[in-house]
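Some notes on the structure that comes next.
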Amino acid sequence: MDKNLTAQQCECALMEHIDLDIESIEQAINRLEHYRQKLLTGSQVLRNSGGRLSPPDRIKVIVESALAAGNAAITGEQLMKAIEGHARRSR
C-alpha cells in the first residue's frame with residue numbers, strides 16, 4: 001500500500017513539474033511576443049517619422065529596439081532550454 005501511495009505521489013509530483021515546464025514555456029512565448037511588438041513599434045516609428053525625429057528621440061527608439069532584440073534573444077535561449085528539458089523528461 002505504501003508503494004502505491006509513493007508511486008501516486010511521484011506521479012503527482014511529475015505532473016506538477018511538467019505543468020510548471022509548460023507554464024514557463026508559455027510565459028517565454030508571451031515575452032517573445034511582447035518583444036516582437038516593441039521591435040515592430042520601433043521600426044514603424046522610425047519608418048513613419050520620415051527623418052523628422054530629433055536625434056535624442058531617434059536614439060531612444062533605437063536603444064529601446066536594441067534592448068527588445070537582446071531580451072528576445074535571451075528569452076529565446078531560455079525557451080529552447082525549457083523545451084529541451086521538457087522533451088528529455090517526457091521520454
Side-chain angles (χ1 to χ4, degrees):
M1 185 76 166
D2 285 337
K3 286 185 180 181
N4 286 338
L5 184 58
T6 303
Q8 288 172 348
Q9 288 173 335
C10 288
E11 184 178 338
C12 187
L14 179 61
M15 292 305 293
E16 286 177 12
H17 188 72
I18 289 171
D19 287 344
L20 287 176
D21 282 350
I22 292 170
E23 186 176 314
S24 66
I25 290 168
E26 289 171 348
Q27 287 173 356
I29 291 169
N30 289 337
R31 285 195 314 273
L32 284 172
E33 176 60 22
H34 171 75
Y35 298 136
R36 186 184 76 81
Q37 287 297 325
K38 285 186 88 109
L39 285 166
L40 283 174
T41 300
S43 175
Q44 289 170 345
V45 165
L46 291 173
R47 192 176 318 117
N48 294 338
S49 73
R52 294 183 302 269
L53 280 178
S54 68
D57 287 340
R58 193 174 321 122
I59 290 170
K60 179 182 177 191
V61 170
I62 291 169
V63 168
E64 287 175 352
S65 294
L67 285 171
N71 287 336
I74 291 167
T75 301
E77 186 176 332
Q78 291 170 344
L79 177 60
M80 291 307 300
K81 287 179 182 176
I83 291 170
E84 288 169 359
H86 180 72
R88 263 185 257 139
R89 281 188 287 284
S90 296
R91 291 181 191 161

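What you see below is based on every heavy atom in this structure, not just the backbone, and it leaves out hydrogens, waters and symmetry mates.
- Between atom CG of residue L79 and atom NZ of residue K81 there is a gap of 12.0 Å, rounded to the nearest 0.5 Å.
- Taking each heavy atom of G42 and S65 in turn, the nearest pair found is CA-OG, 3.7 Å.
- Taking NE2 of H34 as the start and CG of L39 as the end, the distance is 10.0 Å to the nearest 0.5 Å.
- Two different hydrophobic clusters hold L32 and L67 under the rule that ILVMFWY side chains link at heavy-atom gaps under 4.5 Å.
- Between atom CD of residue Q78 and atom CD1 of residue I25 there is a gap of 12.0 Å, rounded to the nearest 0.5 Å.
- The salt bridge (charged side-chain N to carboxylate O under 4.0 Å, His left out) contacts involving residues 31-44 comprise E33-R36, where partners must be two or more places apart or lie in separate chains.
- Connectivity analysis of hydrophobic side chains (ILVMFWY, heavy atoms under 4.5 Å, direct or indirect) links I62 to V45, L46, L53, V61.
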